[in-house]
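These notes are about the structure you will find just below.
Residue numbers start at 1 and run along the sequence shown. Every value quoted in this text rests on a predicted model; they were computed, and no experiment measured them.
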Amino acid sequence: MRNRIALTAALTTGLLALTAASATAAPNESRTAASGDARACADVKLSGALPVPPAGMAVRQNVSIGPDCTPVFGPARLVQKASPIANAQAAPAAAAADRQVRSWSEMYDCCNIRMTGLYTTSDWSSDGTVVTASSTDATQQWNREPWNAGWSLKSSGKSADCVANCAVSTNVADASFTYKGIFDPTGNVYANTHRSTVALKADGTASCEFEVDLKNTFIGWNWQRGCE
């Protein structure tokens, strides 16, 4: 119970920081850039961070594009993980400091169709003083349409400043997507870029930071992000 109270306080503090996080859009004269629709928003940039919860729990948050192209931050919610920890009972006992953290950054349209997503899985061990070993994998997903159209992965990458014998291992993954399809046959209007940063610490804790750049978007699109 004490840990739950502490985490709730941390989430509240994190949410206050998130509402002040970077979130900008181009001036109103650029809002009609996407298909001439007055509900369109050009050059939207969003960022924020979430704490990593205890094992078996997840922290989730939705950020929607609201009126005047301003972000509307939903609450950071602490929930039970959707699925049990894989092989938790069958796997050999691991060192107490061994941990895994997953992060996700997804863009949905106003019909709640996932357009693009970036996902990371990080594993690390520590002795309480340094991170003794760490690794991070990144994957991407995107929505396709019939006739070989829709979103496409333009580029992706990942990097780590340190993977062993460090106080903090900072891991960055990025993915850039383009769109050419039913809503824009030219391929010049829409583009999403995701960047996720996971800091793995020697004391066994971690943090997740997120950024997304949207070349053009619409009021009602929403960004879903989380850590578990």
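- Screening residues 102-164 for disulfide bond (SG atoms under 2.5 Å apart), with sequence neighbours left out, gives C162-C166.
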Pairs under 3.5 angstrom only: tabulate donor-acceptor contacts from the side chains of residues 197-207 to other protein residues two or more places apart or in another chain.
from	atom 1	to	atom 2	distance (Å)
D203	OD1	T205	N	3.0
D203	OD1	T205	OG1	2.6
D203	OD2	T205	OG1	3.4

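- Minimum interatomic distance between K180 and P185 (heavy atoms only, all atoms of both residues): CE-O, 3.0 Å.
- L46 places a side-chain heavy atom less than 4.5 Å from the side chain of I65.
- Nearest approach of G226 to L50, heavy atoms of both residues: CA-CD1, 3.7 Å.
- Closest approach of R99 to A55, counting heavy atoms only: NH2-N, 4.0 Å.
- Atoms CG and OG1, on N222 and T217 in that order, are 9.5 Å from each other to the nearest 0.5 Å.
- With a 4.5 Å cut-off on side-chain heavy atoms, E211 and K45 do not count as touching.
- Using a 4.5 Å cut-off on side-chain heavy atoms (C-beta onward), V189 and F183 make no contact.
- Residues I182 and E145 approach most closely at N-OE1, 3.1 Å, considering heavy atoms.
- In this structure, OG1 in T139 is found 12.5 Å from CH2 in W104, a value given to the nearest 0.5 Å.
- Sorted pairs that involve residues 197-216 and meet ring pair (Phe, Tyr, Trp, His ring centres under 6.0 Å), not counting sequence neighbours, are lacking altogether.
- Using a 4.5 Å heavy-atom cutoff, the side chains of R144 and S152 are in contact.
- Formation of a donor-acceptor pair under 3.5 Å by the K215 side chain with backbone atoms of V44 is not found in this model.
- For the ring pair (Phe, Tyr, Trp, His ring centres under 6.0 Å) test, residues two or more places apart in sequence or in another chain that qualify with W151 are Y179.
- Between R195 and D213 there is no salt bridge, since no side-chain nitrogen of the basic residue lies less than 4.0 Å from a carboxylate oxygen of the acidic one.
- When atom types are taken as modelled, the side chain of Q61 and the backbone of G74 share a donor-acceptor pair closer than 3.5 angstrom.
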Evaluate S134 against D123 for side-chain contact (heavy atoms from CB on, under 4.5 Å), listing each step before the verdict. CA-CA 6 Å; S134 67; D123 295 276; over 6 Å; no
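- Listed by chain and number, the residues in a side-chain hydrogen bond (donor to acceptor under 3.5 Å, both in side chains) with S122 are T136 (sequence neighbours excluded).
- Among all heavy-atom pairs drawn from V163 and S169, the shortest one is CA-OG, 4.2 Å.
- For the pair K158 and D174, the minimum side-chain heavy-atom distance is 4.5 Å or more.
- To the nearest 0.5 Å, the span separating CG on N143 from CD1 on I113 amounts to 6.5 Å.
- Residues forming a side-chain hydrogen bond (donor to acceptor under 3.5 Å, both in side chains) with S105 (at least two apart in sequence, or on another chain): H194, W223.
- Of the inter-residue distances, the one linking E106 atom CD with R114 atom CZ reads 5.5 Å to the nearest 0.5 angstrom.
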Start with the C-alpha gap between Y190 and M115, add the side-chain angles, then the distance that decides, and say whether side-chain contact (heavy atoms from CB on, under 4.5 Å) holds. CA-CA 11 Å; Y190 302 104; M115 297 176 288; over 6 Å; no
Decide yes or no on side-chain hydrogen bond (donor to acceptor under 3.5 Å, both in side chains) for Q224 and R60, but give the supporting numbers first. CA-CA 7 Å; Q224 299 184 21; R60 302 173 180 270; over 6 Å; no
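- The two residues V101 and C208 have their closest heavy-atom pair at CG2-SG, 4.3 Å.
- Judged purely by atom type and a 3.5 angstrom limit, T186 uses its side chain to pair as donor or acceptor with the backbone of N188.
- Between the side chains of T132 and S125, no donor-acceptor pair of N or O atoms lies under 3.5 Å.
- A chain of hydrophobic side-chain contacts below 4.5 Å, direct or via other Ile, Leu, Val, Met, Phe, Trp or Tyr residues, connects M107 to F218.
- In this structure, D161 contributes its side chain and T170 its backbone to a donor-acceptor pair below 3.5 Å.
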Does the side-chain hydrogen bond (donor to acceptor under 3.5 Å, both in side chains) test come out yes or no for T116 and N192, once each step is laid out? CA-CA 7 Å; T116 58; N192 294 349; 3.1 Å; yes
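- When side chains are defined from C-beta on, V63 counts as touching R225, because their heavy atoms get closer than 4.5 Å.
- Put simply, the side chain of V212 reaches to within 4.5 Å of the side chain of L214, judged on heavy atoms.
- Annotation: side chain of C41 is in contact with side chain of I219 (closest heavy-atom distance under 4.5 Å).
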Quick one, F177 with Q140, criterion side-chain contact (heavy atoms from CB on, under 4.5 Å). Give me CA distance, side-chain angles, the key distance, then yes/no. CA-CA 10 Å; F177 303 88; Q140 311 81 29; 3.9 Å; yes
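- Taken to the nearest 0.5 Å, the SG atom of C227 stands 13.5 Å off from the CE atom of M57.
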